There are 2 protein chains.
Amino acid sequence: MPVTTKEREKVAAVFSGACTQKKVCPVKDIMASYGDKWTMYTVLLLGQHQKMRFNELRCHISGISQRMLTVTLRSLEEDGIVLRTLYPEIPPRVEYQLTELGESLLKPLLQLAIWAEENVGEVLKARKKYGKKNKEE
Amino acid sequence: MPVTTKEREKVAAVFSGACTQKKVCPVKDIMASYGDKWTMYTVLLLGQHQKMRFNELRCHISGISQRMLTVTLRSLEEDGIVLRTLYPEIPPRVEYQLTELGESLLKPLLQLAIWAEENVGEVLKARKKYGKKNKEE
DNA sequence: TTTACTTGGTTACTTTTAGTAACCGAAGGT
DNA sequence: ACCTTCGGTTACTAAAAGTAACCAAGTAAA
């Protein structure tokens, strides 16, 4: 179904309230921060499991390196999305969980994840077609 | 308000349908593709204006370079999110608009944009607090 | 006693990606 | 003859991501 006029007005409202001639646009700022390879995925995982340890997360996010997981979690912690709890044991135990702010982010993120799951086929089909088109030229 | 059990189950469902032991996880794949500094913002802009020319987009996305706009638009075109129409005039005129697939992406992205606008204050507050905490140590 | 192993990182280095600035083509205007 | 326009491309540099080795400090086995 097509995008309604009402929805388009909503986009306009968000943009005008957020961006018009201001130096910092929150939408762009947030998109730039959470738009990277691992951040959203990490938040979704924490949303599913509630409390996760460092290596538990690492196992679930296949392909992520120790360093990138650290960097990603630190950034989320800095933004108040994730709470880090260190238990001073040996070997150390660290638990990560979403804050209230993080949980509020979970909802729109879940919508995006659902879109991704539903439309990944279409996207892959389009990519294939595009590749073919360019080879033919 | 907290995340409901139902919502958490939904996250689990999306993940289990998408990721369990599969080589490619669509959620991660899409998040990795559209998770960059400019892509989501560009889609939102095209969602608002419907048809936009290259330089028109460039003016609205302050800070983006010509090259990055080209790269971003090409990637979106490849994924079937954006339609590029070249009018063979001199000087050339190129119009970009969302495809049907792109418009379907607009809805979850808008939810995310609304979250960003509503919560940017909280995030900035958290960042400030985090910075202070680390200076004190 | 020495060795290996644990967790949750950090450090140094390499590779990939993003960003900057200059250039392009082809017509129109001065 | 030269500048402008639009929508790029090319060559180069800076920044970010990825890789691999290392660490502390205790526990467990050899």
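Since the model is a prediction, treat every value here as computed from it, not as a measurement. Hydrogens, waters and symmetry mates play no part in the numbers below; they use all other heavy atoms, side chains included.
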Output for pair (B/Asn119 CG, B/Lys125 NZ), nearest 0.5 Å, gives 10.5 Å
Rounded to whole Å, the CD-P distance (A/Glu77 to C/dG8) equals 14 Å
Rounded to whole Å, CD1 of B/Ile64 lies from P of D/dG7 at a distance of 14 Å
On DNA chain D, more 5' by nearest nucleotide between B/Pro92 and A/Lys37 is B/Pro92
By nearest-nucleotide position on DNA chain D, the 5'-leaning member of A/Arg67 and A/Pro91 is A/Arg67
Same apolar cluster (I L V M F W Y, side chains within < 4.5 Å links), A/Tyr96/A/Tyr87 | no
ask   = Looking across every strand, which nucleic acid part, if any, lies under 4.0 Å from A/Tyr87 by heavy atom: base, sugar-phosphate, or nothing?
value = nothing
When rounded to whole Å, the CD to P distance for the pair B/Gln66 and C/dT20 reads 13 Å
dist A/Glu117:CD -> B/Cys25:SG (nearest 0.5 Å) comes out at 8.5 Å
From CG of B/Leu57 across to P of D/dG8 the rounded distance in Å is 10 Å
Here the gap from B/Asn55 atom CG to B/Leu69 atom CG, rounded to the nearest 0.5 Å, amounts to 8.5 Å
Quick note, A/Trp38 side chain, CB onward, closest among C/dG19, C/dT7, D/dG18 is D/dG18
- Item | Distance below 4.0 Å between B/Tyr96 side-chain N/O and D/dC6 OP1 or OP2 | no
Among the nucleotides C/dA18, D/dA17, D/dG8, whichever has the atom closest to the side chain of B/Arg74 is D/dG8
Atom CZ of A/Arg93 and atom C1' of D/dA25 are separated, to the nearest Å, by 17 Å
Any side-chain heavy-atom pair from B/His49 and B/His60 closer than 4.5 angstrom?
yes
To the nearest angstrom, the CE-P distance between B/Met52 and D/dG7 comes to 12 Å
Separation of D/dG26 atom C1' from A/Ile90 atom CD1, nearest Å, is 6 Å
Respond yes when some side-chain nitrogen or oxygen of A/Arg58 is under 4.0 Å from OP1 or OP2 of C/dG8, and no when none is.
no
Here the distance between atom P of D/dA15 and atom CG of A/Asp36, to the nearest Å, is 18 Å
Testing C/dG9, C/dT7, D/dG7 for proximity to the side chain of A/Asn55, the answer is C/dT7
